[in-house]
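Here the structure is laid out as structure tokens; the discussion comes afterwards.
Order of listing sets the numbers, starting from 1, for every ligand and every atom in it.
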Amino acid sequence: MKRIPEKGINRDKLLEMLQHFREKDLQWRSGRVLGYVYHAGSLAEEIGKAAYMEYLTENGLDPTSFPSLLQMENEVVAMSAAHVNGDSETVGSFTSGGTESILMAVKTARDYIRAQKPEITHPEMLMPSTAHAAFHKAAKYFDVEPVLVPVHGDTFKADVEATRRAITKNTILMVGSAPSYAHGVVDPISELAALAQENGILFHTDACVGGFMLPYLKRLGEPIPDFGFEVPGVTSLSMDLHKYGYTPKNASLVLYRDRALRRKQMFACANWAGYSVINGAAQSSKTGGPIAAAWAVLNFLGDEGYLKIASETMGATRKLAEGIGNMGDLELLAEPEMFMFAVKSETVNVFHVIDEMKERGWYIQPQFAFQNSPKNFHISVTMPNVEHTDELLKVLGESVEAARGIQEGESVKAILDAVAAMKPEDINEDNISDMMAMAGVAGDNLPERMADINDIMNSLSIEHRELLLIEFFNDLFTI
Ligand SMILES: Cc1ncc(COP(=O)(O)O)c(C=O)c1O
């Protein structure tokens with residue numbers, strides 16, 4: 001087992017070791033990674049890093065001791081709230097990411113409604129099946145029942161009528177995405193939020209992906225529906241700075257229509273022997289880096305910079321969507337309303353296409369079949385990809401050809417036969433681990449080609465997928 005070294009290692013050696021560690025990481029600077037990293041050019045990166053390092057050591061735990069962090073947070077919240085049509089009543093909090101923003105919005109809704117309607121003892125949250133996994137996490141953490149409403153099979157947008165039918169006396173919160181991550185489409189927020197309002201239910205717009213860019217796309221003439229505080233029933237909204245706000249991680253915002261709602265998010269504790277604890281959101285001690293970096297990048301890029309990013313990225317997305325649509329073998333699940341879309345195929349296995357792309361130096365993400373959404377690959381277009389669209393289309397064409405002849409792997413058949421022969425309740429941590437070993441997964445060792453594992457995941461039930469993922473992670477972190 002590794003131990004703390006007896007003697008410290010010198011700076012140069014440590015930095016050399018770090019460079020060596022990252023050799024196997026995704027090489028996103030190549031412009032051939034379609035996900036994970038949002039980069040708005042070397043100047044914005046430099047400014048974000050400088051501001052981050054300037055505040056790396058300051059502690060966001062106590063804004064009265066570090067009023068500069070308070071000032072920057074207030075300014076970032078104000079600029080962002082105005083961007084999504086907030087008014088003088090709108091308030092918000094800086095968080096570590098979309099997940100924390102969503103966790104906070106769900107906890108806040110639960111506690112707000114609990115105070116008003118104590119008779120609701122089993123609160124439910126109504127959401128389209130495309131809502132982000134973070135809502136499921138919030139449901140588990142805060143004991144709110146997630147009620148999933150299938151989306152329309154042709155557009156992958158929330159089904160308003162089905163949502164209406166799913167409302168019960170226990171519904172406390174409804175959700176819509178602007179846009180959804182999986183398919184890149186904007187839910188009918190106005191209709192959903194009106195429905196929520198009619199029924200005395202809170203409504204959250206998840207604009208983690210779209211909060212910064214959709215208003216710019218609207219200004220550029222794109223037909224973007226309303227999704228922000230201009231919609232009367234919207235009571236909270238999440239928007240990520242560290243995605244298409246192009247600021248360094250960990251940076252997101254959760255906004256509320258008014259102060260009375262946000263009050264329910266805050267945590268105070270005087271019930272112990274130490275200092276009085278008061279937290280705006282989930283974290284307590286935290287670096288000031290992300291707040292300073294977000295403040296600096298927003299001010300550096302400005303409206304002009306963001307508008308240019310929106311225009312160029314939408315142009316690249318359209319070009320890719322059209323090129324892929326014309327390929328014959330590939331089909332878009334939905335027309336993208338922002339910079340992301342999903343691609344399926346009836347003629348080739350999309351998971352082999354992903355592996356072939358990887359062999360050619362490209363990273364794209366698999367998405368498994370879920371309800372009416374078939375297995376597909378996902379593309380998120382960001383600034384580094386914009387100048388690589390022709391190359392991407394060419395390599396994708398080659399990868400489809402290469403994937404065409406590949407048969408399903410032996411291990412997939414063997415494992416799926418074994419699963420089919422077992423009673424679902426007999427599948428557990430141990431035999432899931434055995435299956436992973438058969439498919440070539442052991443500890444932190446993953447096979448180069450992931451199609452077989454992706455196909456196994458795709459064929460398992462949701463419950464077994466989750467079991468497998470947890471086993472995988474539990475083994476991946478070897479200690
Ligand atoms: C629509 C949407 N909401 C929430 C999240 C969660 O964000 P994070 O990964 O920053 O926690 C994501 C992440 O991709 C997302 O796409």
(message) Between ligand 1 and His242, is the shortest N or O to N or O distance under 3.5 Å?
(response)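 By distance alone, the answer is yes.
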
(message) Could you check whether Lys218 pairs with Asp226 (Lys NZ or Arg NE/NH1/NH2 to Asp/Glu carboxylate O, under 4.0 Å)?
(response)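 Yes, Lys218 and Asp226 are salt-bridged.
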
Sub-4.0 Å atoms of ligand 1 with respect to non-hydrogen atoms of [X]:
X      : value
Tyr181 : 14 (O), 16 (O)
Asp240 : 7 (O), 10 (O)
Cys208 : 2 (C), 3 (N), 4 (C)

(request) Determine the sole option in Glu73, Gln283, Glu100 for which the side-chain contact (heavy atoms from CB on, under 4.5 Å) test with Phe94 is passed. (result)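 The side-chain contact (heavy atoms from CB on, under 4.5 Å) with Phe94 is passed solely by Glu73 among Glu73, Gln283, Glu100.
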
(request) Flag the pair Tyr36 / Tyr363 as yes when their ring centroid distance falls below 6.0 Å, and as no otherwise. (result)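 Yes.
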
(request) Compute whether any side-chain donor of one residue and acceptor of the other, for His183 and Thr130, lie under 3.5 angstrom apart. (result)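 The criterion, which ignores hydrogens and geometry beyond distance, is not satisfied for Thr130 and His183.
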
(message) Checking Ser238 against His204: is there a side-chain donor and acceptor pair closer than 3.5 Å?
(response)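 Side-chain D/A pair, His204 to Ser238: present.
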
(message) Between ligand 1 and Lys243, can you find any atom pair, the residue atom being a heavy atom, that is separated by under 4.0 Å?
(response)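 Heavy atoms of Lys243 do come under 4.0 Å of ligand 1.
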
(request) May I ask you to identify, for Thr99, whether its side chain, its backbone, both or neither come under 4.0 Å of ligand 1 on a heavy-atom basis? (result)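 Both backbone and side chain.
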
(message) Test of understanding: given a 4.0 Å heavy-atom threshold, classify the contact between Ala134 and ligand 1 as side chain, backbone, both, or neither.
(response)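 None of Ala134 does.
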
(request) Considering non-hydrogen atoms only, spot the tightest contact between Ala334 and Phe156 and give its length. (result)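 Closest heavy-atom pair between Ala334 and Phe156: CB-CD1, 4.2 Å.
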
(message) For atom 2 (C) of ligand 1, what is the closest protein heavy atom, and at what distance to 0.1 Å?
(response)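 Protein heavy atom with the smallest distance to atom 2 (C) of ligand 1: Asp206 OD2, 3.4 Å.
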
(request) Would you mind checking which non-hydrogen protein atom is closest to atom 15 (C) of ligand 1, with the distance to 0.1 Å? (result)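 The closest heavy atom on the protein side is His132 CD2, 3.2 Å.
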
(request) May I ask you to check if Lys375 and Phe351 form a cation-pi contact, with NZ or CZ under 6.0 angstrom from the six-membered ring centre and within 45° of the axis? (result)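 Yes, a cation-pi geometry holds between Lys375 and Phe351.
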
